[in-house]
Amino acid sequence: MATGTPARAPIRWQVARLVERRVETATAQTLVLEVPDWPGHLPGQHVDVRLTAPDGYQAARSYSIAGPAVDGPGGPRIEVTVQRVPDGEVSPYLIDVFGAGDPVEVRGPLGGWFIWRSEDTAPVQLVAGGSGIVPLMAMIRARRAVGSKVPFRLIYSVRTAQDVIYADELRRRGRDDFGLDVAYVYTREAPDGWRGEPHRVGLADVNTHGWPPDLEPLTYVCGPTGFVEAVADLLVGLGHSSRRIRTERFGPTG
């Protein structure tokens, strides 16, 4: 008799429809998609989005899911935040052409490593570079949704204040979500009142706004490859265990 874990059914493509969009920055928008057969997901997972041209040509990209699914009149709804990539095949269409009620194929949820589970009790530190905030925002939103008291600290690196995705919500959550601390690092132009000169995330930022290694926090780092590698090396150099650091890199395709 054969024994073992039953094979998991393959994740299939299904049709979603756009029900809402929100402008986050000059180059980023959040799309709310209604997915009737959505099976649920964990914060940090992502979804594939596929477009098909009239001639049959297809292009697919992966996008992190920005928060918990919510119920809608036509089924569950999920959010993805899309950053425009110059000369991209998918992101310009989703931002400029994709209209309310239009269909798009999605497949997910995908990914089982870069996730936060609400039953984890360790402190959490999140380090985001640019649009790498998206899966980390999903964790912040999930924390509030389940009423978790786990302390979170977010370090968010952006070029300028105008590039902060979810700016108003992060400001509100930093004020109202007890146990959530939010700090920014500006690399090109800092707003009035921000101490210091523009710079990349460094030792002082992590020491000031992150958790010390002896607390054994769970750390999630997401952003461009160079950013992720530099931050991960910095954390390990400070004494954080590599086993407690989870990373996700965003590629340039769009």
Side-chain angles (χ1 to χ4, degrees), residues 24 28 30 41-46 63-68 79-81 83 111-146 148-158 163-187 200-213 215-236 238-250:
E24 303 290 355
T30 293
H41 64 274
L42 294 170
Q45 290 188 297
H46 59 275
Y63 293 102
S64 293
I65 305 169
E79 297 184 6
V80 296
T81 300
Q83 180 88 47
W113 167 247
F114 195 83
I115 58 174
W116 177 71
R117 299 180 184 272
S118 59
E119 58 266 28
D120 288 332
T121 58
V124 172
Q125 60 183 1
L126 311 170
V127 188
S131 59
I133 186 64
V134 180
L136 308 186
M137 192 65 178
M139 299 176 190
I140 291 172
R141 289 169 169 169
R143 173 186 181 272
R144 177 62 181 265
V146 301
S148 171
K149 303 301 182 185
V150 171
F152 272 38
R153 290 184 176 179
L154 167 67
I155 302 171
Y156 187 6
S157 174
V158 289
D163 296 305
V164 176
I165 300 175
Y166 317 124
D168 290 342
E169 183 178 354
L170 282 171
R171 188 178 304 111
R172 183 178 72 252
R173 289 187 180 277
R175 181 193 65 211
D176 299 340
D177 286 15
F178 180 77
L180 169 65
D181 295 319
V182 179
Y184 295 95
V185 174
Y186 301 95
T187 62
R200 299 184 184 277
V201 172
L203 178 65
D205 303 298
V206 177
N207 275 336
T208 302
H209 304 296
W211 295 109
L215 292 183
E216 298 186 333
L218 278 173
T219 300
Y220 299 85
V221 186
C222 187
T225 296
F227 170 86
V228 170
E229 291 178 350
V231 171
D233 288 345
L234 179 63
L235 290 166
V236 171
L238 286 171
H240 290 273
S241 170
S242 60
R243 295 182 294 104
R244 307 284 289 173
I245 301 171
R246 300 184 181 184
T247 61
E248 185 164 276
R249 297 161 173 81
F250 277 10

Does any non-hydrogen side-chain atom of Asp177 lie less than 4.5 Å from one of Arg143? yes
Describe, in one word, how the ring planes of Phe152 and Trp116 are oriented to each other, choosing from parallel (under 30°), tilted (30 to 60°) and perpendicular (over 60°). perpendicular
Partner of Gln125 under side chain to side chain contact (heavy atoms under 4.5 Å, CB included), chosen from Leu218, Ile245, Leu235: Leu235
Under 4.5 Å between any side-chain heavy atoms of Met137 and Arg173, yes or no? yes
Between Thr247 and Val228, what is the shortest heavy-atom contact and its length? CB-CG1, 3.5 Å
Report the C-alpha distance between Asp120 and Val150 in whole Å, list the side-chain angles of each, state the deciding distance to 0.1 Å, and finish with yes or no for side chain to side chain contact (heavy atoms under 4.5 Å, CB included). CA-CA 8 Å; Asp120 288 332; Val150 171; over 6 Å; no
Is there side-chain contact between Phe114 and Met139, with heavy atoms separated by less than 4.5 Å? yes
Apply side chain to side chain contact (heavy atoms under 4.5 Å, CB included) to the pair Ile115 and Tyr220, showing each step before the final yes or no. CA-CA 9 Å; Ile115 58 174; Tyr220 299 85; 5.9 Å; no
How long is the straight-line distance from CD1 of Ile133 back to CD of Glu24, given to the nearest 0.5 Å? 11.0 Å
Can you tell if the side chain of Ile165 reaches within under 4.5 Å of the side chain of Gln83, non-hydrogen atoms only? yes
Exam field: side chain Tyr63 to backbone Thr81, donor-acceptor pair closer than 3.5 Å: no
Hey, does the Lys NZ or Arg CZ of Arg153 hover above the aromatic six-ring of Trp211, less than 6.0 Å from the centre and inside 45° of the axis? yes
Which atoms form the tightest heavy-atom contact between Phe250 and Ser64, and what is the distance? CZ-OG, 3.8 Å
Any chance you could measure Ile155, atom CD1, to Thr208, atom OG1, to the nearest 0.5 Å? 8.5 Å
Heavy atoms only: give me the nearest Arg244-Ala122 pair and the separation to one decimal. NH2-CB, 3.3 Å
Measure the OH-OG distance between Tyr184 and Ser157 for me, rounded to the nearest 0.5 Å. 12.0 Å
Tell me whether Arg141 is salt-bridged to Glu79, with the criterion being a basic N under 4.0 Å from an acidic carboxylate O. yes
Leu170 versus Leu154: any side-chain heavy-atom pair under 4.5 Å? yes
Heavy-atom closest pair (Ala138 atom, Gly44 atom, distance to 0.1 Å) is CB-N, 4.2 Å
Between Leu126 and Tyr156, is there a side-chain heavy-atom distance shorter than 4.5 Å? no
In this structure, are over 12 heavy atoms from other groups packed under 6.0 Å from Arg117 atom CZ? no
So for atom CD, which belongs to Glu216, do other residues, nucleotides or ligands contribute more than 12 heavy atoms lying within a distance under 6.0 Å? no
Is the backbone of Gly67 close enough, under 3.5 Å, to the side chain of His41 for a donor and an acceptor to pair up by distance? yes
d(Lys149 NZ, Phe178 CZ) to nearest 0.5 Å is 8.0 Å
Kindly give the heavy-atom pair with the smallest separation between Gly132 and Cys222, and that separation in Å. O-CB, 3.4 Å
Full working for side chain to side chain contact (heavy atoms under 4.5 Å, CB included) between Val134 and Tyr166: CA-CA 9 Å; Val134 180; Tyr166 317 124; 3.6 Å; yes
Measure from the side-chain N and O atoms of Asp205 to the backbone N and O of Gly202, and report whether any donor-acceptor pair falls under 3.5 Å. yes
